There are 2 protein chains.
Amino acid sequence: MKRVVATGTFDILHPGHLYYLEQSKKLGDELTVIVARDANVKHKPTPIIPEEQRRCMVAAIRCVDHAILGDLTDMFRPIDEIRPAIITIGFNQHFSEENLRKALAVRGLAPEIIRIGKYGENGLCSSRTIIQRIVEQRSGK
Amino acid sequence: MKRVVATGTFDILHPGHLYYLEQSKKLGDELTVIVARDANVKHKPTPIIPEEQRRCMVAAIRCVDHAILGDLTDMFRPIDEIRPAIITIGFNQHFSEENLRKALAVRGLAPEIIRIGKYGENGLCSSRTIIQRIVEQRSGK
């Protein structure tokens with residue numbers, strides 16, 4: 001059983017998320033997605049959708065076996081419990097593979113770190129872009 | 001093989017959509033979802049997400065077997081092709097079961113029409129509510 005872990009905020013789901021999750025699943029047998037806690041999203045605006053709803057929507061995607069909320073204080077605790085063979089990173093996730101590898105090694109964890117490429121150019125493939133479009137089209141209505 | 005058809009716009013997916021689709025699937029063996037064409041959404045603002053992207057997101061939900069776009073001119077054509085045993089209607093869909101039944105009978109179709117109840121009160125369970133929240137929180141940023 002080869003476990004894969006993917007992570008993210010998944011505020012407004014779009015095909016870029018699907019691509020990231022489907023590619024992640026293909027790398028192993030079981031995909032667990034760790035969904036960022038509202039309180040831990042600090043490098044961008046607070047998500048529109050509350051954490052439990054974001055988790056529930058990710059859990060409904062066909063290729064996802066488990067979707068859990070991240071730990072509030074220790075981002076590596078779920079990794080320690082799941083012991084994945086692979087952790088995938090999205091093309092635009094802001095941490096470096098090298099730093100992540102080092103931080104995991106401190107915990108005695110050595111999963112393979114794989115960055116998933118960008119999903120084409122089709123569609124509204126960014127929560128931020130979808131939010132901008134909503135603000136442009138619906139403000140003042 | 002008991003086929004079920006569900007329909008809708010599915011602009012910004014939320015747990016209310018999941019509930020409608022999961023309840024629909026439970027009524028039969030195979031669930032086909034007919035996703036409204038952009039040009040046919042007339043009783044509310046044009047969807048934010050283009051039709052093919054809306055279809056693709058619905059198709060990724062675990063309980064959905066097939067997701068297709070509606071016919072541009074004849075809303076009953078896909079029903080005629082699928083020949084479902086059951087058509088489900090969402091709690092807030094604006095057409096009446098009785099009128100739908102009559103219109104289908106004209107085509108020689110007599111599926112059972114079942115309205116699915118509302119999904120609790122939890123979460124942001126309306127595309128419109130999510131859009132309002134985005135406009136409130138992000139306008140001017």
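All chains are named by letter (A, B, ...) in the order of the sequence lines, taking the proteins before the strands, and each is independently numbered beginning at 1. None of the values given here were measured: they were computed from a predicted structure.
- A/I130 and B/I131 fall within the same hydrophobic cluster, defined by Ile, Leu, Val, Met, Phe, Trp and Tyr side-chain heavy atoms under 4.5 Å apart, directly or through other members.
- Heavy-atom pairs under 4.5 Å with chain A were tallied for B/P50, B/A60, B/A59, B/C56; the largest tally goes to B/A60.
- Clustering ILVMFWY residues whenever any of their side-chain heavy atoms sit less than 4.5 angstrom apart, transitively, puts B/V135 in the very cluster that holds A/I12.
- Side chains of B/R138 and A/I48 form a contact here, defined as non-hydrogen atoms less than 4.5 Å apart.
- Cluster membership check: A/I68 shares its hydrophobic cluster with A/I79, using side-chain heavy-atom separations under 4.5 Å among Ile, Leu, Val, Met, Phe, Trp and Tyr.
- For A/Q53 against B/L124, the heavy-atom pair with the smallest separation is OE1-N, 2.7 Å.
- Heavy atoms of other residues, nucleotides or ligands lying less than 6.0 angstrom from CZ of B/R128 number 12 at most.
- Side chain of A/R133 to main chain of B/I49: no donor-acceptor pair is present (N/O by atom type, distance under 3.5 Å, no hydrogens or angles).
- By the criterion of side-chain heavy atoms lying less than 4.5 angstrom apart, applied directly or through intervening Ile, Leu, Val, Met, Phe, Trp or Tyr residues, B/Y19 is grouped together with B/V4 in one hydrophobic cluster.
- Criterion: ILVMFWY side-chain heavy atoms under 4.5 Å apart, direct or through other members. Under it, A/F10 and A/V5 are not part of a common hydrophobic cluster.
- Heavy atoms closer than 4.5 Å to chain B are found nowhere in A/H17, neither backbone nor side chain.
- Using a 4.5 Å cut-off on side-chain heavy atoms (C-beta onward), A/L13 and B/L13 make no contact.
- Interface remark: B/I61 contributes backbone and side-chain atoms alike to the contact with chain A (heavy atom separation under 4.5 Å).
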